[in-house]
Amino acid sequence: MLGESALEQQLAQARAALREVGGAAAPRERTESVAEAAEGRIRVTLGADGRISAVDIDPRVLREGSEYLAAELRQAVNAALDGQDDGVAATEPMPDLAAMTATIERLQDQGLRQMREISQAVSETMRKLHGS
């Protein structure tokens with residue numbers, strides 16, 4: 001059976017390991033995303049920051065009219081946004097390790113406090129039994 005100090009040492013090591021993992025975990029960052037529309041005559045590029053970094057429009061698309069241009073441009077922008085979302089969503093959601101660590105530490109502290117109380121009660125009972 002582990003003594004109180006050995007248990008506290010193991011808990012301290014577990015906490016340190018949790019903090020280390022929490023600090024190393026970083027969410028996946030966005031990458032550049034490019035999409036085309038109007039049979040390749042419109043090209044939209046989104047940067048890693050999620051903002052449009054380039055829009056290339058073949059002048060021949062302008063002959064199709066403003067409604068066609070607007071619809072195709074919207075399609076290209078949405079496809080580029082979807083491409084960025086696919087890259088970020090490809091990873092599983094990251095749990096909140098800081099919150100988990102705080103909860104585990106609170107539970108460990110509570111457990112240690114209860115173990116001390118139990119140990120003290122057992123010692124007191126043993127003392128009374130031997131004293132009788």
Side-chain angles (χ1 to χ4, degrees):
M1 190 162 147
L2 288 176
E4 190 173 315
S5 63
L7 182 60
E8 286 183 22
Q9 183 179 6
Q10 283 188 341
L11 290 177
Q13 289 171 347
R15 287 178 179 183
L18 273 173
R19 282 190 205 99
E20 185 176 315
V21 169
R28 186 171 171 189
E29 293 189 19
R30 294 177 186 255
T31 58
E32 184 178 86
S33 176
V34 179
E36 295 181 347
E39 300 170 355
R41 295 179 293 169
I42 296 176
R43 181 180 170 108
V44 174
T45 304
L46 293 181
D49 61 356
R51 300 178 60 90
I52 295 174
S53 60
V55 176
D56 299 312
I57 299 175
D58 185 320
R60 294 176 289 173
V61 174
L62 301 176
R63 294 184 205 141
E64 303 290 336
S66 61
E67 289 180 20
Y68 177 80
L69 175 63
E72 293 297 311
L73 187 57
R74 181 177 54 248
Q75 179 183 340
V77 169
N78 286 333
L81 287 168
D82 290 344
Q84 269 198 341
D85 290 344
D86 289 345
V88 173
T91 62
E92 293 185 22
M94 193 67 178
D96 184 352
L97 294 178
M100 288 175 58
T101 300
T103 300
I104 289 171
E105 287 178 354
R106 183 179 47 79
L107 292 172
Q108 289 173 341
D109 290 341
Q110 207 173 33
L112 279 174
R113 195 169 38 255
Q114 289 174 342
M115 284 185 64
R116 284 186 190 116
E117 290 171 4
I118 291 170
S119 178
Q120 190 175 22
V122 168
S123 293
E124 193 174 311
T125 302
M126 293 300 289
R127 190 176 46 245
K128 285 180 182 178
L129 286 174
H130 285 87
S132 304

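The figures here come from the full heavy-atom set of this structure, side chains too, leaving out hydrogens, waters and symmetry mates.
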Q: Quick one: side chains of residues 62-72, donor-acceptor pairs under 3.5 Å with protein atoms, not counting sequence neighbours, listed by atom name and distance.
A:
from, atom 1, to, atom 2, distance (Å)
Tyr68, OH, Arg41, NH2, 3.2
Glu72, OE1, Ala38, N, 2.7

Q: What distance separates Leu73 CG from Arg43 CZ, expressed to the nearest 0.5 Å?
A: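 With rounding to 0.5 Å, CG (Leu73) is 14.0 Å from CZ (Arg43).
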Q: Between Ser53 and Gly47, which heavy-atom pair has the shortest distance, and what is it?
A: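 Looking at all heavy atoms of both residues, the closest pair is OG-N, 3.7 Å.
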Q: Kindly work out whether a path of hydrophobic side-chain contacts (I/L/V/M/F/W/Y, heavy atoms less than 4.5 Å apart) joins Ile57 to Leu46.
A: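 As far as the 4.5 Å side-chain criterion goes, Leu46 and Ile57 are connected within one cluster.
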Q: Output all residues satisfying side-chain hydrogen bond (donor to acceptor under 3.5 Å, both in side chains) with Arg51, sequence neighbours left out; order by chain, then residue number.
A: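 Not a single residue meets the side-chain hydrogen bond (donor to acceptor under 3.5 Å, both in side chains) criterion with Arg51.
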Q: Using modelled atom types only, decide if a donor and an acceptor are shared between the side chain of Ser33 and the backbone of Ala80 within a distance under 3.5 Å.
A: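 Yes, because the side chain of Ser33 sits within donor-acceptor range (under 3.5 Å) of the backbone of Ala80.
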Q: Going from CD on Glu36 to CG on Asp58, what distance comes out if it is rounded to the nearest 0.5 angstrom?
A: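 Answer for the CD-CG pair, Glu36 versus Asp58, is 11.0 Å.
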Q: May I ask whether Val34 and Leu81 are part of the same hydrophobic cluster, defined by side-chain heavy atoms of I, L, V, M, F, W, Y residues being less than 4.5 angstrom apart, directly or through others?
A: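 No, separate clusters.
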Q: Let me confirm one number: the CZ-CD1 distance from Arg113 to Ile118, rounded to the nearest 0.5 Å.
A: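 Here the interatomic distance stands at 12.5 Å.
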Q: Please identify each residue that fulfils side-chain contact (heavy atoms from CB on, under 4.5 Å) with Glu124, with sequence neighbours left out.
A: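 Glu124 satisfies side-chain contact (heavy atoms from CB on, under 4.5 Å) with Arg127, Lys128 only.
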Q: Please round to the nearest 0.5 Å and tell me the distance separating atom CG of Leu112 and atom CG of Leu107.
A: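 One gets 11.5 Å once the value is rounded to the nearest 0.5 Å.
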Q: Roughly how far apart are Thr103 OG1 and Gln108 CD, rounded to 0.5 Å?
A: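 It is 11.0 Å, given to the nearest 0.5 Å.
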